[in-house]
Protein chains: 2
Amino acid sequence: MAAPIPIDAEMLADVALLAALPRAVREEAAALARARPLPRGLRVFDQGERAGRAHALLSGCVRITQSGSDGEEILVRFIGPGEIFGCVPVLTDGLYPADATTMVDSLELSWDPADLLALMERHSQLAINMVAIVGKRLGEAQERLRELATQSAERRVARTLLRLLDQAGRRTGDGVRIDFPLRRKDIADIAGTTLHTVSRFVAGWERQGLLATRHHHVIIRSPDELRVLAEESPG
Amino acid sequence: MAAPIPIDAEMLADVALLAALPRAVREEAAALARARPLPRGLRVFDQGERAGRAHALLSGCVRITQSGSDGEEILVRFIGPGEIFGCVPVLTDGLYPADATTMVDSLELSWDPADLLALMERHSQLAINMVAIVGKRLGEAQERLRELATQSAERRVARTLLRLLDQAGRRTGDGVRIDFPLRRKDIADIAGTTLHTVSRFVAGWERQGLLATRHHHVIIRSPDELRVLAEESPG
DNA sequence: CGAGGAATTTGCGCTGGATCAAACTTCTCC
DNA sequence: GGAGAAGTTTGATCCAGCGCAAATTCCTCG
C-alpha cells in the first residue's frame, strides 16, 4: 500500500460541489477525503453494487454507463475534472445506478458515505449545491430524452459533439479539441444510435473539413457549421 | 380574490419532501406556503419562464412537458399527490425547464423561491430530501433514455404503462386502474413514439383482455402478462 | 519500424415504425 | 338526447437507419 496522498483545501477549490463554500468547510471536507490515483481502464464501481464511496474527480476522465438486463448499454455521461460521481446513492437506496470506468489515468477524491452525509447535514449549502448539480443533470437527461424521441440520428450526433465540446472543449491550433478519448462507439452510445451510423456522418463531415479525428480524439474545426447541422429544421 | 385557504402542518405530512421531518419544520413550511385550487387545464407555469414559485401537489394531477425549438414535445412526467414540481430552478438558473399543466382539478401548495431556499438553508435535511427526490428522477430519466435507445416500441409502451401503474395504480373491481386521465397521445409522448403505434399495441392488448380503457382511464387487468411483454428478450 | 489487433469505413438489403389518409367511436356539452 | 368535437382505430405506403459483412486504415506495443 502506497502512502496516502496528502489533501489540502486548495485541491477542493476545483470541485464544483465545494467551490463556493467557505474555506473552513473545504478544510473539513479535505480532512475526511481520501485521494487515489486511478489507472486507465479501472472499473471504479459497478452498477447495482452497494455504494461504498462518494467520488469526485480531480483530473482525468470517467465514463458512466448504464446497462439493462439484456446487456444493451448507454453512455450516461462523461465525468471530467471537478465533477462528482456516484454521490446520489449516498442519499437514496445506496446502490450505484451505473458503472464507472476511467478512460485515462486519473486522480480522484472520495468520501465515506456516512461522512459525506454528516457533512451535508452540518452544512446545508453543501446539500443545496448538490441539488443544483443533480438538477442540472436531470435537465440535461430530459433534453436528451426529447432529442432521442424526436430528432434524426444526424442531428443527435451533431448535438452530441457540440455538447461534449461545451463540457471539455479546449482550443488548439486548428480548432477546438474534445479532451476525452472518444471512439465512434462512444458517440453512438451517447447519441442513441449505432457506431455504423455515427461513422457515416462523421466521415462525411471529416471529408468536408468540418472536423478531424486523430488518436481517438475529435477536433472540431468549425463548430458553427456543426451547429447549423444540429439546428436544421427537418428531422 | 377568495379568502386564503388555511394550511396546517398535517397537510404537509403527505408531501414526500417534508414527510420525515420534525413537526416543527413542517409547521414552519406551512406558515410560508400558499394553498391554491387549480382548475383542470390550467397552465401552472411555462417553460423558460422565470420561476416565480416552487410547487407541491396535494391532490389531482399535473402533466410536465418539455418542448424544443421545433415544437416537438415529450411528456417528462406526471406529478401526483404529494410530489413536488418546479422546485429545482429555485436552486439553479431560476428558469422553469418545462411546462406544467393540470389534467384534473387539483390543489397545490407553493412557496416563494427565497422562502424555500431559506428553509433549506436552515434545515439541511430538507435539502438532503430534495437531492434524494431529484436523484431518483435522474435515475428514472436515465433508465428511460436507455430504453428509448435500445428497446422496441412495443416494450417501451408496455413499460410505460407498468411505470404509471406503479406511480398511480389503484385496485378496482377488475384490475388496477391508473389514476390519471390518459389518452393514447400521452402514452406515446412518454414512450417516445406516435399515437398510431401506441393505438395498435394497446388495441391489441385490449382485444386480448389484458387491459381496458374507459373515460380516458386505463385499467390493467393483468399486470403480469404486461410484465411479460415488457421483459421479453428480443427487440 | 513492423506485425498484429483494434477501430473505422463502406456497401447492401431489410424492416420497424413513422407518415398519410380515412372511417369510426367515444366523449362533451348544450 | 343529440350534434359536434375530440380521440381512436386501422389500412397503406415509405424510408431512415439498423444489422450483417467485408475491406481498409489506424493505433499500439514489442
Side-chain angles (χ1 to χ4, degrees), chain A residues 39-41 63 70-75 103-105 147-158 160-161 180-208 211-219 229 232-235, chain B residues 39-41 63 70-75 103-105 147-158 160-161 180-208 211-219 229 232-235:
Chain A
R40 188 177 90 125
R63 177 168 52 195
D70 49 3
E72 294 286 2
E73 75 170 30
I74 59 159
L75 212 165
M103 303 185 70
V104 297
D105 291 343
E147 288 176 13
L148 192 51
T150 66
Q151 298 180 352
S152 72
E154 182 172 19
R155 285 181 71 175
R156 270 149 38 210
V157 172
T160 297
L161 291 177
F180 302 140
L182 205 60
R183 61 216 64 204
R184 300 293 180 260
K185 178 73 160 75
D186 293 324
I187 302 175
D189 285 347
I190 304 179
T193 177
T194 63
L195 79 164
H196 306 276
T197 298
V198 169
S199 177
R200 277 174 238 273
F201 292 128
V202 173
W205 297 336
E206 199 155 1
R207 235 173 275 126
Q208 294 169 40
L211 54 78
T213 38
R214 276 199 301 280
H215 304 283
H216 294 160
H217 277 269
V218 177
I219 296 167
L229 289 172
E232 228 148 41
S233 47
Chain B
R40 187 177 91 125
R63 178 169 50 196
D70 50 1
E72 295 285 3
E73 75 170 31
I74 59 158
L75 211 163
M103 305 188 69
V104 297
D105 291 343
E147 288 175 13
L148 192 50
T150 66
Q151 299 180 351
S152 72
E154 181 171 19
R155 286 181 71 175
R156 269 147 42 208
V157 173
T160 297
L161 291 177
F180 302 140
L182 205 60
R183 61 204 90 146
R184 299 292 181 262
K185 178 74 160 73
D186 293 323
I187 301 175
D189 285 347
I190 304 179
T193 177
T194 62
L195 80 164
H196 307 275
T197 298
V198 169
S199 177
R200 278 174 235 272
F201 292 129
V202 174
W205 297 336
E206 200 155 2
R207 237 172 273 124
Q208 295 170 38
L211 53 80
T213 38
R214 276 199 301 279
H215 303 282
H216 294 162
H217 276 268
V218 176
I219 296 167
L229 290 172
E232 227 148 40
S233 46

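Order of the sequence lines fixes the chain letters, A, B, ..., with proteins taken first and strands second; residue numbering starts at 1 for each chain. FYI, side chains are in, hydrogens and waters are out, and symmetry mates aren't considered; it's all heavy atoms of this structure.
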Next item on the list: Calculate the interatomic distance between A/His217 atom NE2 and D/dC27 atom P; express it in whole Å.
Entry: 11 Å
Next item on the list: Report the end-to-end axis angle of the helix from C/dC1-D/dG30 to C/dC30-D/dG1; each axis comes from five terminal pairs, and the value is rounded to 10°.
Entry: 60°
Note to self: Working note: B/Trp205 + B/Leu161, criterion side chain to side chain contact (heavy atoms under 4.5 Å, CB included); need CA distance, chi angles, decisive distance, verdict.
What the structure shows: CA-CA 12 Å; B/Trp205 297 336; B/Leu161 291 177; 3.9 Å; yes
Next item on the list: Would you mind reading off the distance between B/Leu148 atom CG and C/dG16 atom P, rounded to a whole angstrom?
Entry: 18 Å
Check: Ion pair present between A/Arg184 and A/Glu206, side-chain N to carboxylate O less than 4.0 angstrom?
Finding: yes
Table of protein N/O atoms under 3.5 Å from nucleotides 27-30 of chain C N/O atoms:
| unit_1 | atom_1 | unit_2 | atom_2 | d |
| --- | --- | --- | --- | --- |
| C/dC27 | OP1 | B/His215 | N | 2.9 |

Next item on the list: Please report the shortest heavy-atom distance between A/Leu75 and A/Asp186, naming the atom on each side.
Entry: CD1-O, 3.7 Å
Margin query: Main chain of B/Arg40, side chain of B/Asp105: is a donor-acceptor contact present, judged purely on distance under 3.5 Å?
Written below: yes
Between the protein and nucleotides 10-12 of chain D, list every N/O to N/O distance that falls short of 3.5 Å.
| unit_1 | atom_1 | unit_2 | atom_2 | d |
| --- | --- | --- | --- | --- |
| D/dT10 | OP1 | B/Arg207 | NH2 | 3.4 |
| D/dT10 | OP2 | B/Arg207 | NH2 | 2.5 |
| D/dT10 | O4 | B/His196 | ND1 | 3.2 |
| D/dG11 | N7 | B/Arg200 | NH1 | 3.2 |
| D/dG11 | O6 | B/Arg200 | NH2 | 3.2 |
| D/dA12 | N6 | B/Arg200 | NH2 | 3.4 |

Next item on the list: For residues A/Gly192 and B/Ala149, report the shortest heavy-atom separation together with the two atoms involved.
Entry: CA-CB, 4.0 Å
Next item on the list: Considering non-hydrogen atoms only, spot the tightest contact between A/Thr160 and A/Ala191 and give its length.
Entry: OG1-CB, 3.5 Å
Notebook entry, point to check: Hey, what do you get for CD (B/Glu154) to OG1 (B/Thr193), rounding to the nearest 0.5 Å?
Noted result: 11.5 Å
Note to self: If you take any heavy atom closer than 4.0 Å to DNA chain C, which residues from residues 181-190 of chain B end up in contact?
What the structure shows: none
Next item on the list: For B/Glu206 and C/dC24, give me the distance from atom CD to atom P, rounded to whole Å.
Entry: 19 Å
Item checked: Sequence-distant partners of B/Thr194, side chain to side chain contact (heavy atoms under 4.5 Å, CB included), two or more places apart -> B/His196, B/Thr197
Notebook entry, point to check: Going from CG on B/Leu195 to CZ on B/Arg200, what distance comes out if it is rounded to the nearest 0.5 angstrom?
Noted result: 9.5 Å
Next item on the list: Could you tell me whether the side chain of A/His217 and the main chain of A/Phe180 form a donor-acceptor pair under 3.5 Å?
Entry: yes
Notebook entry, point to check: If you take all heavy atoms of A/Leu229 and A/Ala158, which pair is closest and at what distance?
Noted result: CB-CB, 4.3 Å
Item checked: A/Asp189 side chain to A/Ile74 backbone, donor-acceptor under 3.5 Å -> no
Next item on the list: Not counting sequence neighbours, which residues clear salt bridge (Lys or Arg N to Asp or Glu O under 4.0 Å) with B/Arg156? List them please.
Entry: none
Check: Between A/Thr194 and D/dC18, is there a side-chain N or O to OP1/OP2 distance below 4.0 Å?
Finding: yes
Check: Taking atom C1' of D/dG7 as reference, at what distance in whole Å does atom CE of B/Met103 sit?
Finding: 13 Å
